[in-house]
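First comes the structure, then the notes that go with it.
Computed over heavy atoms, backbone and side chain alike; hydrogens, waters and symmetry mates excluded. By convention in this document, chain letters (A, B, ...) are assigned in the order of the sequence lines, proteins followed by strands, and residues within each chain are numbered from 1.
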Amino acid sequence: MATEAGSGTPPIEDDVFKQPQPKGVEQSEEARLRKKYPNLKGGGGTAILQKRLIQKGKYFDSGDYNMAKAKLNNPKKPLNQSEKLLIQESIGEAIPTPENLPARKPSLPSKLVDRLLIEGKQ
Amino acid sequence: MIFRGGVHSRVVEKKNVIPQHLFILGNGGEINWCFSQVKGTIEDEVTEADIISCVEFNTDGDLLATGDKGGRVVIFQRDLQAKAAVPSRGEYNVYSTFQSHEPEFDYLKSLEIEEKINKIRWLKRTNRNHFLLSTNDKTIKLWKVAERDKKPEGYNLKDDGGIMRDPNTITTLRVPTFSPMELMVEASPKRVFSNAHTYHINSISVNSDLETYLSADDLRINLWNLEITDQSFNIVDIKPANMEDLTEVITASEFHPKECSMFVYSSSKGTIRLCDMRQQALCDSHAKIFEEPEDPTNRSFFSEIIASISDVKFSHNGRYMITRDYLSVKVWDLLMESKPVETYQVHEFLRSKLCSLYENDCIFDKFECSWSGNDRNIMTGSYNNFFRMFDREGKRDNTLEASRDNMKPRTVLKPRKVCTGGRRKKDEISVDCLDFNKKILHTAWHPQENIIAIAATNNLYIFQSKD
């Protein structure tokens, strides 16, 4: 809650949402953190930058590649056409044609839309 | 923490107009909130796609749009019968829904682009159709939402089922007419503004000139013309030549509601810069910078993180702005850069929990804040589905909960209380029992009435004032 400056000490708050915390509380929290993570580097500022700017990319995985190839060539577990195509696509062997592409799965409607409304036109 | 605020050091403005709200509410303007509606389902495991990621009323408040992590937009419309009833009720029904963005893959950088809708902003209505801008991390789209309630009938070459008629059987001519049909609301994408942002878009803001809008990512702000999709002006660029020198990012940006050349942007360091596009084409240097001096004795590892501003909003009258950082909401007078004029503590008790909040990442949560239509009240969210209301003039604040436990119509919501110590009174909840997964990040206040929309994970709550 805002108060006017110059009105003396702020009234005693028993509402924890507003009650001022004792000084040094942040520093003791920091000490707790550093104890848990002794290799913690730098200030909090770098933590924000790292969180926002670093984007982890999806890169080629040779394990995935070899597993996919093995799946294709496994005589014990033959695949159907669409599965075959998907795997061939993932290892770069197939060129999909419009007829072979799996149809785009229609997106489920948002659950904020009352089902009765869609079906019953209330 | 010492509270700062009040009007002590600046010239008190003359108020010679009696505020209108004092005529309407005889109790000194205090708002008594009641439950109105809740949308969405109750689920044990919330599907990620259903998490609401933005809420926005349109400029007259008759439409309410939500965006979710699955890239879908749902628009609700004010029920006019409920509005006209005595007493007037704030109720909204589904009007339209569409898939705004789809997940994409950037092949050049091997990055997945989420379809989550980061922001929705409505355009001011100029004709019978509604327009809104919706954006994910990389692409902004302009959507037209139009009603169709008539269909043409009585063609000569086609029968009513649409099947072509044999011309030899046609002996008379008739004039096709428009006849009423069941109302259909159709949303269609009119413009796609893409490939202008290397980093993730966090804000869009429509200019008061109704022709342009800005989009901001972590390091840059671009200015667009609503008609032109293949060009965009870069107006702010804070990317340093060497990325190792980077110290702060842009967190939010907004155009001034009345001055079409002015906009602000907030940073992760807790500063707000006001820029004037008339001064220069590239607004890297600000016209004003709003920054509260830090207390050097109170510095900690967390200081910079909790100072990061997650939202900035101009007041409707354009004289103030509010900023939300992790623990507080601050009101700034545009004429005073040295410090905020008012500071409101949102959940001060969390200051002693910063270590755990850092470990579970909650310290990075980005809360939004909202003004009431008359700029007298401020609202922002907290944890455990609590939200906080501040009455600037009455110097009151309130903590309410968005919960299905309080759904009785026209029943004033009970204020919620949290206790830290051992002695827990009845109806109080202990700090350690708060659910930090129930975050109220997105809220919206009707532009004219006391109706609010609160997004609680996958549910949308609508509350209205009793009077």
Side-chain angles (χ1 to χ4, degrees), chain A residues 1-7 9-11 13-37 40 42-53 55-60 104 106-118 121-122, chain B residues 1-8 39-41 50 66 68 70 72 74 93-94 97 99 109-112 199-200 218 246-249 268-269 298 300-305 308 342-349 351-355 358 364 388 390 392 395 397 399 417-420 431 458 460:
Chain A
M1 206 45 220
T3 56
E4 313 251 343
S7 60
T9 50
E13 300 280 8
D14 62 347
D15 183 346
V16 298
F17 284 97
K18 302 180 290 196
Q19 186 180 54
Q21 294 283 309
K23 269 205 173 204
V25 103
E26 271 182 56
Q27 283 80 355
S28 58
E29 284 294 296
E30 178 174 358
R32 268 184 68 201
L33 189 69
R34 290 205 183 273
K35 205 169 159 197
K36 275 191 179 182
Y37 307 98
L40 193 66
T46 47
I48 304 182
L49 296 180
Q50 272 175 4
K51 256 220 142 11
R52 287 186 94 114
L53 296 174
Q55 298 174 66
K56 218 173 58 114
K58 236 180 155 176
Y59 295 108
F60 174 75
R104 178 186 167 270
S107 53
L108 298 166
S110 166
K111 290 181 190 133
L112 294 181
V113 178
D114 187 4
R115 292 292 284 275
L116 289 170
L117 260 146
I118 315 171
K121 274 301 176 184
Q122 179 215 51
Chain B
M1 294 292 110
I2 310 294
F3 301 110
R4 278 173 272 236
V7 297
H8 47 280
K39 313 274 182 196
T41 53
D50 293 329
T66 60
D68 65 23
R72 299 166 298 195
V74 182
N93 306 313
V94 177
T97 176
Q99 184 78 33
K109 298 181 191 162
S110 292
L111 290 170
E112 286 177 309
Y199 302 95
H200 290 182
D218 289 322
L246 184 68
T247 53
E248 64 184 327
V249 291
S268 54
K269 276 195 159 169
N298 213 26
S300 79
F301 173 83
F302 306 107
S303 303
E304 210 175 317
I305 308 179
S308 175
E342 294 155 37
T343 301
Y344 300 96
Q345 306 302 337
V346 181
H347 36 218
E348 184 63 15
F349 56 88
R351 203 180 287 267
S352 57
K353 302 259 175 269
L354 291 177
C355 177
Y358 178 84
F364 299 104
R388 298 270 285 145
F390 303 102
R392 298 173 61 213
K395 306 261 183 271
D397 64 297
T399 308
K417 288 215 180 296
V418 171
C419 66
T420 45
V431 172
N458 61 337
L460 180 72

Looking only at non-hydrogen atoms, find the nearest pair between E26(A) and S303(B) and report the distance.
OE1-OG, 3.5 Å
What part of H347(B) is in contact with chain A, defined as an atom under 4.5 angstrom from a non-hydrogen atom: side chain, backbone, both or neither?
both
Heavy-atom contact with chain A under 4.5 Å, split by part of T399(B):
side chain
Gap separating the CD atom of Q99(B) from the OG atom of S110(A), nearest 0.5 angstrom:
10.0 Å
I'd like to know which of D68(B), T247(B), L460(B), V431(B) tops the heavy-atom pair count under 4.5 Å against chain A.
T247(B)
Between L112(A) and T66(B) the two heavy atoms that sit nearest each other are CD1-OG1, 3.4 Å
Would you give the length of the straight line joining atom CZ of F302(B) to atom CD of Q27(A), rounded to the nearest 0.5 angstrom?
10.0 Å
With sequence neighbours left out, the residues meeting side-chain contact (heavy atoms from CB on, under 4.5 Å) with S110(B) are Y59(A), F105(B)
Value rounded to 0.5 Å, distance of NZ in K353(B) from CD in Q21(A):
8.5 Å
Of the non-hydrogen atoms in A47(A) and I305(B), which two are nearest, and what is the gap between them?
CB-CD1, 4.4 Å
NZ-CG distance between K111(A) and N458(B), expressed to the nearest 0.5 angstrom:
7.5 Å
Inter-residue atom distance I48(A).CD1 - E248(B).CD, 0.5 Å rounding:
10.0 Å
Let me know if T97(B) has heavy atoms under 4.5 Å from chain A in its side chain, its backbone, both or neither.
side chain
Tell me if a side-chain donor or acceptor on E348(B) pairs with a main-chain N or O of P20(A) at a distance below 3.5 Å.
no
Considering all heavy atoms, the nearest Q55(A)-L111(B) contact:
OE1-CD1, 3.5 Å
Can you name the closest pair of heavy atoms from R72(B) and L108(A) and give their distance?
NH1-O, 2.7 Å
With sequence neighbours excluded, what pairs up with L246(B) under the side-chain contact (heavy atoms from CB on, under 4.5 Å) test?
L49(A), L53(A), L219(B), P240(B), M243(B), V249(B)
Nearest-0.5 Å distance that lies between atom CZ in R32(A) and atom OH in Y358(B):
14.5 Å
Contact class of K51(A) relative to chain B, heavy atoms under 4.5 angstrom:
side chain
Please name the pair of heavy atoms, one in F301(B) and one in E30(A), separated by the smallest distance, quoted to 0.1 Å.
N-OE1, 2.7 Å
